[in-house]
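Data first, discussion second: the structure below is written as structure tokens.
Order of the sequence lines fixes the chain letters, A, B, ..., with proteins taken first and strands second; residue numbering starts at 1 for each chain. Note: hydrogens, waters and symmetry copies are ignored here, and every other heavy atom, side chains too, is used.
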2 protein chains.
Amino acid sequence: MAKSNPPFMSGVPELLLLRLLVNREMYGYELVRSIKEVTGEAISLGEGVIYPVLHSLERNGSLKARRKPVGGRTRVYYSLTKQGHGRLQDLQDDWRRIQGGIETALESPGHA
Amino acid sequence: MAKSNPPFMSGVPELLLLRLLVNREMYGYELVRSIKEVTGEAISLGEGVIYPVLHSLERNGSLKARRKPVGGRTRVYYSLTKQGHGRLQDLQDDWRRIQGGIETALESPGHA
DNA sequence: ACAATATACCTTGTGATTCGAGGTATCCAA
DNA sequence: TTGGATACCTCGAATCACAAGGTATATTGT
């Protein structure tokens, strides 16, 4: 019954999250703003995108979560596991492959 | 209600199609193979993606279609309209913006 | 003291997009 | 004559991203 492969260009939110978490552990709300910032406002992903992705990354073992009370609120800090590093590498390779493909297409003769 | 904006990274099939049609008119089946070729096999879009996009581009005035019998079959050749050139320019700008944003994110300190 | 905004987490419904599989028909080669 | 390539098309389902909401606490402004 039509077991669809993931859309050819999905996984960018995942990629960005994993990449940010290489440097240091961060929490969800922070990641939302951080993505906007590090992409120079080019990409803005809402909480409705980020939280579910974080949860799924945790479920599949790419991230581990740590609850940490700060003030009166609770933050959930995420950090990369070994698997997460592998996953990041894969996504990064995928991205470069398709990014390169598109670039080749756009640069071929016959300017726009 | 929730009138969703288009997903932040869609429109790549559209972009590739328009870009290919800058050089010369082409027909659907040809475009399917051509996309695979010009992207160095990095991107492979099936007919189920291409045909609907072509139809919608025709409907909104970016492309014009010309039916041409070849042998016993009929090919539908598409070519860019003036609007299509504008649309291509926009999509190309969008793409470069987000592509650049992701690159910035991936290249920031703290290697993978 | 009170209201508004910011922080911080979350889920749900919907909409847009892509995917895979199928359907039709013709042509050519084994 | 069977099968593969060409050439068009559509449909159902999976996937994803989006907006909007909901909860709760802290901070800032008035």
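Following rounding to the nearest Å, A/L54 (CG) and C/dA8 (P) show an atom-to-atom distance of 15 Å. Rounded to whole Å, atom C1' of D/dC18 lies 16 Å from atom CE of B/M9. Put simply, CG on B/L15 is 14 Å from P on C/dT17, counting in whole angstrom units. Computed from coordinates, the B/L17 CG to C/dT17 C1' distance equals 14 Å when rounded to whole Å. A/E30 places its CD atom 18 Å from the C1' atom of C/dC10, with the value rounded to the nearest Å. One interatomic measurement links the two molecules: NZ of A/K36 to P of C/dT7, which rounds to 11 Å at whole-angstrom precision. Rounded to an integer number of Å, the gap from CD1 of B/I43 to P of C/dC19 is 10 Å. When rounded to the nearest whole Å, the span between CD of B/E47 and C1' of D/dT6 equals 9 Å.
Nearest heavy-atom pair across B/S79 and B/E25 is CB-CB, 4.0 Å. Closest non-hydrogen pair, B/L20 versus B/M26, comes out as O-CE, 3.3 Å.
Between D/dT10 and B/H55, a contact under 4.0 Å exists linking OP1 or OP2 to a side-chain N or O. Between B/R67 and D/dC8 there is no side-chain N or O to OP1 or OP2 distance below 4.0 Å. Remark: A/Y29 is not in phosphate contact with C/dC9, judged by side-chain N or O atoms under 4.0 Å from OP1 or OP2. Side-chain N/O atoms of A/R73 include none lying less than 4.0 angstrom from OP1 or OP2 on D/dA26. One finds a side-chain N or O of A/Y51 lying less than 4.0 angstrom from the OP1 or OP2 phosphate oxygen of C/dC9. Close to C/dG20, at under 4.0 Å from its OP1 or OP2, lies a side-chain N or O of A/N5.
With respect to the salt-bridge test (charged N to carboxylate O, under 4.0 angstrom), the residues A/D94 and A/R97 qualify. With respect to the salt-bridge test (charged N to carboxylate O, under 4.0 angstrom), the residues B/E30 and B/R75 do not qualify.
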Verdict with supporting geometry, A/V12 and A/L45, side chain to side chain contact (heavy atoms under 4.5 Å, CB included): CA-CA 10 Å; A/V12 170; A/L45 299 171; over 6 Å; no
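Nearest-nucleotide assignment on DNA chain D puts the 5′-proximal partner with B/Y27, out of B/Y27 and B/G48. The residue among B/F8 and B/V76 whose nearest nucleotide of DNA chain D lies closer to the 5′ end is B/V76. Summary of the strand contacts: A/P52 and B/V12 both lie near DNA chain C, and taking for each the nucleotide with the nearest heavy atom, the more 5' one is attributed to A/P52.
The side chain of B/V49 has C/dT18 as its nearest neighbour among C/dT7, D/dT6, C/dT18. Ranking C/dC9, D/dA7, C/dT17 by closeness to the B/P6 side chain, first place goes to C/dT17.
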